[in-house]
Each structure stands twice: as C-alpha cells, then as structure tokens.
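Here the structure comes first, spelled out in structure tokens, and everything after it is commentary.
Numbers restart at 1 for each chain; the letters A, B, ... are given by sequence-line order, proteins then strands.
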2 protein chains.
Amino acid sequence: MSSSNVLRSKPSQRDSYHHGDLKAALLQAAAELVRENGPDHLSLRTVATMVGVSPSAVYHYFPDKDFLVKELGDQIFARMAVMQQEALSQIPGKSSRAARLRFRELGRTYFRWANSEPNLFRLMFGGFCKVEKGGLHQDEDSFLTLTKCLDDLLATGVITPAMRKYGELVAWSAVQGASNLIIEGLLPEEAFEDLLDGLELAMWGGAK
Amino acid sequence: MSSSNVLRSKPSQRDSYHHGDLKAALLQAAAELVRENGPDHLSLRTVATMVGVSPSAVYHYFPDKDFLVKELGDQIFARMAVMQQEALSQIPGKSSRAARLRFRELGRTYFRWANSEPNLFRLMFGGFCKVEKGGLHQDEDSFLTLTKCLDDLLATGVITPAMRKYGELVAWSAVQGASNLIIEGLLPEEAFEDLLDGLELAMWGGAK
DNA sequence: GTAGTATCTGAATGGTGTTCAGATAGTATG
DNA sequence: CATACTATCTGAACACCATTCAGATACTAC
C-alpha cells in the first residue's frame, strides 16, 4: 500500500487554541485528500494533520469516519448540482434547438465533472456515502435540471410523450454509465460524444 | 470503523506445511471477504487467517495488495462474462422476437448480477482494479455477447443501421449506469425494468 | 474574576499493509 | 540413502490507521 506522501507535510499552523471553523476545514481537507488519493486511502489522521489539529479533534464534529465521508458526499453532490444549473442557464431560449443544446450540455457537464474529478465521482457513486432513503439523494436539484430540460424537449416537439416518460431514467443512466466506464478505463474518453450522439439518435432520431 | 467479525474465526487448518494451492485459496477467501464487507474493508491479514496462513505468506504470490485485488477483479469479470453467455444461449432462434428477448435478458442478467452482488460489482467498476490498457478490459467476452445480440437485432430489422452503430455504447452505458445508480440507492430497484422499456422504446420504438 | 462549558490534546488499544531474516518441507543431485 | 537446493511459509518488527478517554486549554456567561 503505497502512501502518497502528497500533502502530508502541511500542518497549517493556527493562531488560537480554538480553530474557529474546524468542521468546514476538516471537510475541505478531506475533499482535497479524496481528490488526490481516492475515496479509499482517506485518512482521518492525515486530514487532522493537514488542518493542524490532533486526530482526536475530529471526533468532536463527526462520530465516525463514515459520517465525515457521508457529509463530504453531500457537499460534492451539491457542488455538482450547481454546475449543472450553471450549464443550463448558459443556454437560454425556448426553441427546440435551444432545448436540444441544453440536453447535450447537461450530459457534457456531467461527464466533464466525472472525468476531471474521477476520485470525487467515485466517492459519490462508489458506495462510500450511503444514501439514506430509497430515493434520489438530494440529487433532486441535479435531477430537476434534467426534468426541466426534458419538459422543454417535449414542449418543443423534439421527443414524444412516450419517450418523455422514460427520459430521466434513460438519459441519467446512460450518462452515468458512460462516465463510469470511461473513468475506469473501460471505454475511451472520446466515446462520450458518441454516446450523446447515440442517445439523441435513440431518443428523437438524431441531431435535428 | 466497525469490523464485521464475520468469517474472522475460520482459520482452516491445513495438514502439511505447504498449502498446495495457496494462491487460489487466497483469491477465493478475498472474494468472499469483498462480497461480505465491500472492496474497501478487504484485509490481507484476515484473508491469510481465513486460509490458515501467516500474513507474510501472501507476499509470495502477490507483490502487493493491489495486485491481489486486480487479479480478483479479473476473475469476477470472467465470472460475469460466463453468466452473460449462459443467458444468451438460453434463448435461441433467429427471429426478431428472439433477438429482442435476448437483448432484454442480457440487460436483466447484467443487473441481476449487480444487484445480487453489489460489493463485487463495486470492485469491478469502482476503481479498485485498475484496467491496464485503454480498452475494454478482458470484458471483451461480455462485450462480444452484446455485439452479437445487436447484430441479430440489425439482421432481423429491429434496429436501423444508424442505431446499430451506437448499440454497444448506448446499451452498455445505460445498463451499467442504471445498475450503478440502483445499487447505490439513487434509484429504486423497480426502475431497471422501466429502463429496459425506455431503452427499447428509444432504440427501436418499443416492445412491438 | 470566577464557574462552566466547548474545544482540543496525549496517550493508549487493537487493527492494518509491508518487510525481512530465518525456519520448514518438499525436490533434485551425489 | 544422504546431501544440497529451493520453494514455501513463519515471527517479529515497523509505520500507519480508526477510535476511545481522561485531562488540559481557552472561550463565555455570570
């Protein structure tokens, strides 16, 4: 088990005995560590050292390592949802063309996130942060952007009502699966644009 | 970090000093452990104890924990490929109906595996066993069954040549993504049949 | 300024991957 | 058969990990 020795030597000194906002600092350090080393290889001790605090201090804010990971997961999900909304707002307009562009950009943004931060993506979908109830995490936000996009595609006559019914499921699954397979090296990176081509072809007969 | 204490107490005695087939035994024990506790939480020491051997003995067969995990991953991929081929052979016939049934059963088999062995599925696609080259693992076997199935769908006129071009990509991605999202609790289990409905609707206009 | 409380420390426990010198047992050679 | 050789496995050690807990520290309210 090769320990990376990255970031291990940054015990950021703090001025006062009390940290101020230790919880947030711990989460940020943990995010950085996961980002670099992957969701496994996350070490509470290293996190504590990075923040400049003793390992025990962590337990004043999280009963457990799993709780820290869970909360970290929530933050990452939220960050991703923001990106999705930004991507959507970038392409205004009520035309069918605008709706189609939004759909594609939504998928692209999803993959761009996965591909640029594979370790964070693994944290989200690799069984590290358990989802409480049977539904949709608080990924509702991210899910809503897709729903809205599909509504537009239906309203502008791009997809049929029948297809609309399965829109979220098919699109989310395909984009999620392709992102997963690509970052794990089972599909080449270029495959994602092809996936989007294929998905659009399947859902409404292709480009236009 | 709650250690499960499952299987911890089975130091299977061996008769001779030499084990006989230690490597295979180690892999089998590791598979069992991953199956129960998840890919993280895999412990070489526990594996060694299960087999009835000292922790150091492992290093005579694997230079590293990661190598063990990698080899384990290969085995699991192979097991899955066998299931896929069995599922395909279960439904013979050259009709369009048979081809469509095969397609659906291929997806079902994929998901059934993921859902019945989520921890093994996580091992395969969670970044634990790094894939060497840029392509398709030795999942080629499993991939070939899909290719063959899509060829049949094209030959029997179920899908268009244009759609055929994206068949593997779209189908594999969608099934992989849905499986992933379901076992992580982001989608309900029932969603998978819906996904297949949606996928078929998208790819050739539905049940028919 | 004192009491009380939230925050953080230090040390200890038991588990982990990994290394390495040496013990053990099979195999080939005389 | 005895000896040398080699593959296989052990034991002890190291550094790191999560987690616990008694106690030290510093902020807050009275």
Sub-3.5 Å pairs of nitrogen or oxygen atoms, protein against nucleotides 11-13 of chain C:
none

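When the P atom of dG17(C) is taken as reference, atom CZ of Phe67(B) falls 16 Å away, rounded to whole Å. Rounded to an integer number of Å, the gap from His41(B) NE2 to dG17(C) P is 12 Å. dT16(C) atom P lies 17 Å from atom CG of Asp66(B), rounded to whole Å. Distance His60(A) NE2 to dC21(D) P: 14 Å, rounded to the nearest Å. Atom OH in Tyr59(B) sits about 15 Å away from atom C1' in dC9(D), given to the nearest Å. Note: NZ (Lys65(A)) to P (dC16(D)) measures 16 Å, nearest angstrom. With rounding to whole Å, Leu44(A) atom CG is found 20 Å from dG14(C) atom P. Regarding Leu26(B), its CG atom lies at a distance of 12 Å from the C1' atom of dT8(D), rounded to whole Å.
Applying the salt bridge (charged side-chain N to carboxylate O under 4.0 Å, His left out) rule to Arg45(A) yields no partners; only residues at least two apart in sequence or on another chain are considered. Checked against salt bridge (charged side-chain N to carboxylate O under 4.0 Å, His left out), Arg79(A) has no partners two or more places apart in sequence or in another chain. Not counting sequence neighbours, the partners of Asp152(B) by the salt bridge (charged side-chain N to carboxylate O under 4.0 Å, His left out) test are Arg102(B). With sequence neighbours excluded, the residues that form a side chain to side chain contact (heavy atoms under 4.5 Å, CB included) with Arg35(B) are Glu32(B), Glu117(B), Leu120(B). Contacts of Glu193(B) classified as salt bridge (charged side-chain N to carboxylate O under 4.0 Å, His left out), with partners at least two apart in sequence or in another chain: Arg104(B), Arg108(B).
Ionic pairing of Lys23(A) and Glu71(A) is present here: one or more N-O contacts between side-chain nitrogen and carboxylate oxygen are shorter than 4.0 angstrom. With respect to Asp151(A) and Arg164(A), a salt bridge is recorded, a charged nitrogen being found less than 4.0 Å from a carboxylate O.
Across all strands shown, Phe62(A) has no heavy atoms under 4.0 Å from either base or sugar-phosphate atoms. Residue contacts shown for Leu42(B) are limited to sugar-phosphate atoms, with no base heavy atom under 4.0 Å away.
Considering only the side chain of Ala57(B), dT10(D) comes nearest among dT16(C), dT7(C), dT10(D). Proximity note for Val53(A) (side chain, C-beta onward) versus dA7(D), dG17(C), dC8(C): the nearest is dC8(C). Nearest nucleotide to the Ser54(A) side chain, out of dG10(C), dA18(D), dT10(D): dG10(C).
The phosphate of dG15(C) has neither OP1 nor OP2 within less than 4.0 Å of any side-chain N or O from Thr46(B).
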